[in-house]
Amino acid sequence: MTLRCGGRMQMADGATGVEQGWDRASILALFDAEAGWLDRRVLSDQALYQLELERIFARGWNFMCHDSQIPNVGDYFINYIGEDQVICVRGEDGEVNVLLNTCRHRGNALCRAEQGAAKSFVCSYHGWNYALDGKLIGVPGQSSYFHGDLDRSQLGLVKAAQVDSYLGFWFATMAPDAPSLHDYLGDVGRTGIGMICSYGDVEVIDGIQKNVIDCNWKIAVDNLFDWYHVMYSHASAGSAGIFKPAEILHPNNQLVMLGEYGHAISGPGLPSERQTQIDLMSDEERIEASRSAPANSQRIRPRLGAELMGASGVRSMGHPNIFPNLWITLGGMQVCLRLPRGPSKTELWWFTIVPKDAPASYRKVAVWTAIHLFGPGGLLEQDDGENWSQSTRASVGFSSRQLGQTLKMGLGHDRVTVDEHGQRFIDTRINEHAQRWLYRSWTEWMAARDWAELRARHSPAPEGAV
Amino acid sequence: MTLRCGGRMQMADGATGVEQGWDRASILALFDAEAGWLDRRVLSDQALYQLELERIFARGWNFMCHDSQIPNVGDYFINYIGEDQVICVRGEDGEVNVLLNTCRHRGNALCRAEQGAAKSFVCSYHGWNYALDGKLIGVPGQSSYFHGDLDRSQLGLVKAAQVDSYLGFWFATMAPDAPSLHDYLGDVGRTGIGMICSYGDVEVIDGIQKNVIDCNWKIAVDNLFDWYHVMYSHASAGSAGIFKPAEILHPNNQLVMLGEYGHAISGPGLPSERQTQIDLMSDEERIEASRSAPANSQRIRPRLGAELMGASGVRSMGHPNIFPNLWITLGGMQVCLRLPRGPSKTELWWFTIVPKDAPASYRKVAVWTAIHLFGPGGLLEQDDGENWSQSTRASVGFSSRQLGQTLKMGLGHDRVTVDEHGQRFIDTRINEHAQRWLYRSWTEWMAARDWAELRARHSPAPEGAV
Amino acid sequence: MTLRCGGRMQMADGATGVEQGWDRASILALFDAEAGWLDRRVLSDQALYQLELERIFARGWNFMCHDSQIPNVGDYFINYIGEDQVICVRGEDGEVNVLLNTCRHRGNALCRAEQGAAKSFVCSYHGWNYALDGKLIGVPGQSSYFHGDLDRSQLGLVKAAQVDSYLGFWFATMAPDAPSLHDYLGDVGRTGIGMICSYGDVEVIDGIQKNVIDCNWKIAVDNLFDWYHVMYSHASAGSAGIFKPAEILHPNNQLVMLGEYGHAISGPGLPSERQTQIDLMSDEERIEASRSAPANSQRIRPRLGAELMGASGVRSMGHPNIFPNLWITLGGMQVCLRLPRGPSKTELWWFTIVPKDAPASYRKVAVWTAIHLFGPGGLLEQDDGENWSQSTRASVGFSSRQLGQTLKMGLGHDRVTVDEHGQRFIDTRINEHAQRWLYRSWTEWMAARDWAELRARHSPAPEGAV
Amino acid sequence: MSALEVAAEAATAPAPLSLAERALLQFEVEQFLYAEAALLDARRYRDWLALIAEDIHYWMPIRRTVTNSDIEREFTKVGDMAFFDDDRAMLEMRVKKLEAGSAWSEDPPSRSRHFVSNVRILDVAGDEITLEAAFHLYRTRLNTEVDSWIGRRTDVLRREGESFRIARRHLFLDQTLIRATNMSTLF
Amino acid sequence: MSALEVAAEAATAPAPLSLAERALLQFEVEQFLYAEAALLDARRYRDWLALIAEDIHYWMPIRRTVTNSDIEREFTKVGDMAFFDDDRAMLEMRVKKLEAGSAWSEDPPSRSRHFVSNVRILDVAGDEITLEAAFHLYRTRLNTEVDSWIGRRTDVLRREGESFRIARRHLFLDQTLIRATNMSTLF
Amino acid sequence: MSALEVAAEAATAPAPLSLAERALLQFEVEQFLYAEAALLDARRYRDWLALIAEDIHYWMPIRRTVTNSDIEREFTKVGDMAFFDDDRAMLEMRVKKLEAGSAWSEDPPSRSRHFVSNVRILDVAGDEITLEAAFHLYRTRLNTEVDSWIGRRTDVLRREGESFRIARRHLFLDQTLIRATNMSTLF
Ligand code: FES
Ligand code: FES
Ligand code: FES
Ligand SMILES: [Fe+3]
Ligand SMILES: [Fe+3]
Ligand SMILES: [Fe+3]
């Protein structure tokens, strides 16, 4: 199925932030990568937001769900591509289908539950019936009222243009010409997901926490790379004893990886020497060491870790983000989706993940950690939301929105290293490389009219000095 | 009084749905009558909605109230023309005046009650006093503060450009050049109102139910013609026993009438043979038969029915809609107004109507039926709202709004018959003729810059194959 | 610091009120000063509202707070310039600094309390620390993470372009090229503030009442000049006995002063003969007489009154407004700010003020009067809000917004007198001179692209016939 | 009306009972009302029906915004239009509909919370107790829909053995425009 | 403060009364408060005035958003600015205004619902009872206006014969910015 | 289930107690719950902790919008994900955090109001009382943030001398999507 092509209004000269359209040059000017300066309007402009839904979310690969959430034929989980609701359902063939949750008759939503199991999807309005792969298989009155001439083959549920999974994590894009998931993820994206699976096959624990914050989705993404705020924002969580900043932060051992199309990983990294020691341990020893403290940032991953994350990536104790909005945290024990709901509203969805074969004791600690650190009731997470909403709010006022954000930390002070396997990474201190990469990539996505242009004009993953 | 002429922004090439203006061609392209394809943006686009307020609601004839609601001089009922609040008041001369409910001084609302009785309308801000016909009759300090030179004749409440009634039902339009109410209604509109009055003069029972649904007003209008959804949407109401689908639906005896400017009637129709039998009964017999089961769809109308509805129209057991938004239901026992409150919000107002001379027992059943089938607590109506709101919602997302709605039922399979009196109708099965006519007319209303253009370019009521 | 220059979209011919931009001619046409006709869209148009934030609020001098609210170094009070939140804080040097309440790092709000005392402003996100004058004095990790190369001198809190006080009342503007506060206020603005201070130095009583009304801010400003509505709107307050209209209104002794840039004073004025008598009284006698009835409109001011308000201005018992939004009422015992929160939302902030040396008994009566007349629970104020919100609402509907407001009272019937000291005033009856002046000035502010143009093209304070 | 009379009306209506008796009756009645509310919130509609008397009048008239001079027309009268005007058979039909597998508009089902506050027993006559209460029915649906219906209600409870049955429920909503898609939840 | 002390403070304040006596007093007080609320919601303002003591202090200070370090300034003090600071004469004036035929801002009248919850008797001293409660005043106007004022209040009731009079009502709103056009409704 | 059974279940659960005994227990329990709520609303977190049993289970599972056929999965189970799943140590940590001078997200502090309604004692076993209630936690922050969390909760109170300690609090929210920035307020 072909989506109608939606062009963009030409930018009127001197148009105001509130009403204007945006051309390539004005979009690229929103972030000055050399100066580490970001135009605040990226957080509040309504036209930019609409463009994001089209050029970032409909075009990128969006995380849908994990294999374990929908194990059986007919199991489904509702998710979003931007603001478009989709059904992620296990088809008869065992594959996952991603279908726009809207009937082709009058548009009614097929599924209204957040999750469930279905034999087929029957519309509550007139009873059109769709198979698990979206095919329209039943239309009441098809022969009598429709005289048998309704072409059902043209009226199936709209499928995402591409659906694919990596290590059990399903993604979808509305763009037929998007790169394959494998290519899209690239080394950095795969390293990120690999982090989750370093201890083997995983499953999602029942219960996705969902809440809404009055902030732009990008400030939440910026924050996941931000190990600078931990000491100050989360001081009270530290003093309450829920985490020990010193054990977690390692400000002078930070490992950053920047991937094509905007993916990045940032945060503490084991020094290579420490990794070398770990490499000498047996898998059993490593797992034993890890499981004794799952919330601990000392990631002593089994051999599988290095296979999935690379020899350098495996050192990461930080935070991957799969562009645009999938954060991997707690060393892979949780992922958090940030779903856009308008320029100043974001839904956060928290998925908690454990290795399938993890002992009950590990699972218990994992759940405890996930609940008490993150999510709306988590002692860390409580501190973040209002900083994000207040930062978003300060991009609205007439004078305040003329200002920029400052993203200068480490700018020009670091180098990308390439290891013997070709994996690129930066060993450094606390920095803002990943955030700059996020916004640089974001402007390129936003400025490109289609995938051909994005492919042609996006920045390659950085080499050399950054 | 002359309204300032409000032109429309020229459409920028490739403008987005959110911000763009709409030219004639792009409006007409919103509905493809040949293909039965409707652009979903008609349910969500903000600019289209603003244009509707101007080109549909301010320009069309809007239902105001029934004679019986405001029997005495000074009785008033508040209603709307689009989003403009109006006072419908019985004037000193017994005629109904329709006045914009806004003081000519600073604009304050004169009436804040929903209904009532007034000797004149005194503004709560500075006490300007308007007669029941809108004349400004009192201005505090007129001689002292205004030095006697305020020209009160120019400052009366703004009257609707035309106000007229048919069978006690009052309508108003803001367009001085609109056709007369009689011509506007045409055969189909008059048949619709005639349905209500087939048993003689009627009155509105005290109590207008009002509620708000998060849907576009047009999906609610579409639904009134929609006898296809009854079996599925209302299955539980059927199985609870509140109605017997079989007695009501008559899927193979459907009568459709399509009237100039968008009016239509659709739904079950008595077979002509059955009507011939009825024609042989006395009025007494017919009324007796009808009143024994007022909710029943078997409409055995007295002779007056055929006079008001025509020889073919009298067979209708279906749903007329006076374009744009007045639904006549339960065989004339209720009407429901759908008032626009933004692209995704509609107020529903339910009026319940009985013949003036109906016995108490009939009245009781009528009220019972109205309360328990329709309105927010009604067992049928409960099922509809969420289908409409979810259909509206699915016209917003970036990918979903690229899609169309499918309105193909019966397309190309029927013929318009003209009876000996020139009345046009279609005898057929369950179908979507009326919905297609609704949207075809809607595009013509929306595309025409003024009544002259609308008169010249609108489609005549269909003849021949449909 | 230089704000990015925000130009305006060119107006498309025939653009709708909802989406259009506004050029000089179309803005000036919004108010016809000769006819006393105001286009209602000034109360509801979104683009005009955005333009107001830029051309009125960011450019004008906005009231911030009074000296007494922040007596000590570090004391702060949060206020707004349009929708931009600012911190008004007493600096180390005793001067008041006005700082945009947004961190230069990611934009987070520094202060979240409404008032308080601070040694410096530490951002809750990453701990950047700003001195009371806005200087960035602390950045965690400045040497380690930022490698010492962050130019803190460029990253202080943004200061209002100009900050100044008159008689202890602090004002700020974002426009570096705005006239000085003294010149901006002119005779009329200074007379207004002088009214508050006629009995000597004042202080603000603890407790600023704040509430939100669904109205445009200008209808609230219009209302403060409006002595016409008192008799009718507040009839019930009068009959309840909270005020005696006759003692307050003096409909035939109204004194109006119109000042450059839109300031005005309107309301009852002592006849010159009465003032002449007062001039013969000693200060002690005058103060004694005033204090016996502080709510009373008979303002028997000491000599200082005439010094601050001028020989003619001192006669005013009316309401000054410092353009755009600072109302002085109760003879200087209260001021009320009207803060814009969208075209149809306004926050009202009430400050209650007494002479520093006022006896406890006076203070008690002042507080009683302020609480029981004004503010959301006040017996007068209760009556106003809904008139304003309904007037605002009636500027939205398609037909209603085509209409105008009528501001014709006294138009062409009065003369501006110039007294021996050059002070201009109008002695007249109840009238709408000040409202017309408000809107005339407003169109000039809105039409001028910058201060140079505003200076060059604004109307001088009226002379001769008005 | 003097303060004493008002107070008397307020505090001593069911005169023959002692304060302690009244307090115990209040306890019984409140517990019954809370238990009833809990049944609805737990979607135990059948069990709820068992608390409904055969001759119940379950009624919610339409409220209108009217001027003070017209205040006696604020609510519609019995026999005119209403939002609910149900007898037991009709309530059974509502429950039957909710139980039907095909009640799509309640599948996923709504989530309700019935707050019963300010309970005052106005009259005790034979086995019938007339009471007034303030109610807040809070309903959420899907992930986004939130409705609150607030008002006053008068109930008549009829004592039956150890418990009560509801013989009347008259609901006086505060809103005049229902700000909800439907009222598919029992009050 | 130990758990015991807290519990003691919470549960045993009016020490000399037995549990049963306290329960009965609670019942009386609650019934009075509910009846009082019902008078306001029924717009029987004169009857409500009859419940007001001659020396009432009816006060609602202004709440501010302040930092923890400044928390003692969260509410304004008696004598400083407030939303209400009324004596009986002032309340009479409010009622007089509501009764005036010309109270346009209350014509059509508002619809109010006073929820009184979590009532705790803090002190019984002579004929005076000090209590604390959570309140929710819900008001609708016209077809579209909805306001909710929520907070804590402390009342002093003075026993008068079979009933009480209200000798103090101090209202501590939770909101710092009043999100309403006015507060023309009595609390 | 017959009406009688329902009524029986509703009204007579803790069988051995007389009506008067039950009414007094209800009074005690309600007063305890109100006092507890008042401590939280007064930000006396330490004092509140004193009411918490050593072995408390303070738990709020995640609610989901599910179809009727899937209704047993509406709430997550113990051991799966939740919003709260706290023992006493964890609650102490929450209080410690609130008390820390550096809890920026609670400085300025939130303003909360805990409405406890429809309290029903479901069981009395030894020194433990199991009750169910409807709750409404209303929170405002700064000048603009307003949150309402509404649902059902079951508590277990354990008698300790003259007062109680809370041995269990299970909170069943009505919302499936939390419409708030965080849940930094204790329930
Ligand atoms: S909308 Fe789905 S079947 Fe009609
Ligand atoms: S606004 Fe109506 S009289 Fe002034
Ligand atoms: S946003 Fe203020 S320090 Fe980072
Ligand atoms: Fe954080
Ligand atoms: Fe239907
Ligand atoms: Fe006024």
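By convention in this document, chain letters (A, B, ...) are assigned in the order of the sequence lines, proteins followed by strands, and residues within each chain are numbered from 1. Please read all numbers here as calculations on a predicted model, not as lab measurements.
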For this session: For a ring-ring contact (aromatic ring centres under 6.0 Å, His included) with Phe187(E), tell me which candidate from Phe83(E), Trp59(E), Phe84(E), Tyr58(E) qualifies.
Result: Phe84(E)
Seminar exercise, completed: Highest number of heavy-atom pairs under 4.5 Å with chain E among Glu132(D), His136(D), Arg63(D) belongs to Arg63(D)
Exercise. Does a donor on one side chain sit under 3.5 Å from an acceptor on the other, for Ser112(E) and Asp41(E)?
Worked result: yes
Seminar exercise, completed: Ranked by heavy-atom pairs below 4.5 Å to chain E, first place among Leu177(D), Val119(D), Leu19(D) goes to Leu19(D)
Exercise. Is it the backbone or the side chain of Arg139(E) that comes under 4.5 Å from a heavy atom of chain D, or both, or neither?
Worked result: neither
Exercise. Among Arg165(E), Arg158(E), Arg88(E), which one satisfies salt bridge (charged side-chain N to carboxylate O under 4.0 Å, His left out) with Asp55(E)?
Worked result: Arg158(E)
For this session: Look at Asp86(D) together with Arg94(D) and state whether they make a salt bridge at an N to O cut-off of under 4.0 Å.
Result: yes
Exercise. Which of residues 71-79 of chain E have a heavy atom under 4.5 Å from any heavy atom of chain D?
Worked result: none
Problem set entry | Pair Ser18(D), Glu21(D): side-chain N/O donor-acceptor within cut-off below 3.5 Å | yes
Exercise. Is there a donor in the side chain of Glu92(E) and an acceptor in the side chain of Tyr45(E), or the other way round, less than 3.5 Å apart?
Worked result: no
Exercise. Side chain, backbone, both or neither: which part of Val146(E) has a heavy atom under 4.5 Å from chain D?
Worked result: side chain
Exercise. Should the pair Asp155(D)-Arg168(D) be classified as a salt bridge under the 4.0 Å nitrogen-to-oxygen rule?
Worked result: no
Exercise. Counting distance only, does the side-chain N/O of Gln26(E) pair as donor-acceptor with the main-chain N or O of Ala23(E) below 3.5 Å?
Worked result: no
Exercise. Side chain, backbone, both or neither: which part of Tyr34(E) has a non-hydrogen atom closer than 4.5 Å to chain D?
Worked result: both
